[in-house]
Amino acid sequence: MQHELLQTNLTLDEAERLQEKYRQIIKDQTGIISKSSDVKKIRWIVGVDVSYYQEKLKEYGRAAAILWDLRFNRFMTQALAKDIITFPYKTGFLGFRECKVMLEAIKKLPETPDLIMCDGHGIIHPRRFGEAVQLGLILNVPTCGIAKNPFIGSSEWKVLKRIRGNKTPILENKEVLGYAVCLNDGMKPVFISVGYKISLNVAVEIALKSSLDHRQPEPLYLADQFSKSE
DNA sequence: GCGACAG
DNA sequence: ATCTTGTCGC
């Protein structure tokens, strides 16, 4: 039996209802990773990304999951999954397209992730329900969103000095939805937000720690490459 | 009202 | 996301 958030035959209205329903359910949850002391206990992090291709007029998604050992900051192994994609692309509903394939790839990994990084937004979303939130909820694993482009909210990211570690908040009325963060010198910032059971500060801390020399954290960079290679 | 809008 | 060559910059 599977989660109703994995249904792929929903109307947009039904999908929106589910987003609102689960937003309420996970509101004010406890047991989140929020302190730097918690970070020391984190070992297995996973970066996931999805690429697309056509076959017989149908659209398919290929998800790559990269298992990364944060203790030694090194690559461990990877897994791929392919699946047909039927849910249409609509801004604000990415999770309904990508969660199922991402989950299939993650299931193939030899370790249970302590944290999953998604190539997309978390609570930087009209209903605070980006795909990182959706994935974390379905798997009951901490997640964060790390997107390459802005979505909602306003920030000064365009004038942010591109120096590793620099960041500027993404705001919507007084509410901090996330941070635009420069992960390496000279590179355009990425947009980091909470997904599930993690604090914003910890998400930023781990993204920085796992960034080597690319715009994205290495697990996500590798996931992007791997998902496109085949 | 119109357009913009993660991947 | 994906279709695609050259080209500007370090």
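Numbers restart at 1 for each chain; the letters A, B, ... are given by sequence-line order, proteins then strands. Values below: all heavy atoms of this structure, side chains included; hydrogens, waters and symmetry mates excluded.
Between Y22(A) and E4(A), the side chains place a donor N or O and an acceptor N or O closer than 3.5 Å (distance only, hydrogens not considered).
If you measure from atom NZ of K90(A) to atom P of dG7(B), you get 17 Å, rounded to the nearest angstrom. Protein atom CD of E172(A) is 16 Å distant from nucleotide atom P of dC5(B), rounded to whole Å. The CD atom of E230(A) sits 14 Å away from the P atom of dT2(C) (whole-angstrom rounding). A straight line from CZ of F87(A) to C1' of dA6(B) spans 14 Å, rounded to a whole angstrom. Taking atom CE on M102(A) and atom P on dA6(B), their separation rounds to 16 Å, with Å as the unit. Atom-to-atom, NZ of K148(A) to C1' of dA1(C) comes out at 9 Å; the value is rounded to the nearest Å. For Y52(A) and dT2(C), the OH to C1' distance is 11 Å, given to the nearest whole Å. A straight line from CG of D213(A) to P of dC10(C) spans 20 Å, rounded to a whole angstrom.
Checking the phosphate oxygens (OP1, OP2) of dC5(B), no side-chain nitrogen or oxygen of N149(A) falls inside 4.0 Å. A sub-4.0 Å separation between OP1 or OP2 of dA1(C) and a side-chain N or O of K228(A) is present.
Relative to the six-membered ring of F72(A), R74(A) meets both conditions, a distance below 6.0 Å and an angle of at most 45° to the axis.
By the 5.5 angstrom centroid cut-off and the 30-degree plane limit, Y89(A) is classified as stacked against the base of dG7(B).
Nucleic acid contact class of G145(A) (heavy atoms, under 4.0 Å, all strands): none. Residue contacts shown for E131(A) include a base, since a base heavy atom lies under 4.0 Å away. Contacts of Y60(A) with the nucleic acid, taken as non-hydrogen atoms under 4.0 Å apart, are absent. Here P126(A) lies out of heavy-atom contact (under 4.0 Å) with every strand.
No single ILVMFWY cluster, assembled from side-chain heavy atoms under 4.5 Å apart, contains both V194(A) and F191(A).
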(request) Might you work through the side chain to side chain donor-acceptor pair (under 3.5 Å) test for T168(A) and S155(A), ending with a clear yes or no? (result) CA-CA 7 Å; T168(A) 186; S155(A) 77; 5.7 Å; no

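Ring planes of F93(A) and F87(A): tilted class, angle from 30 to 60°.
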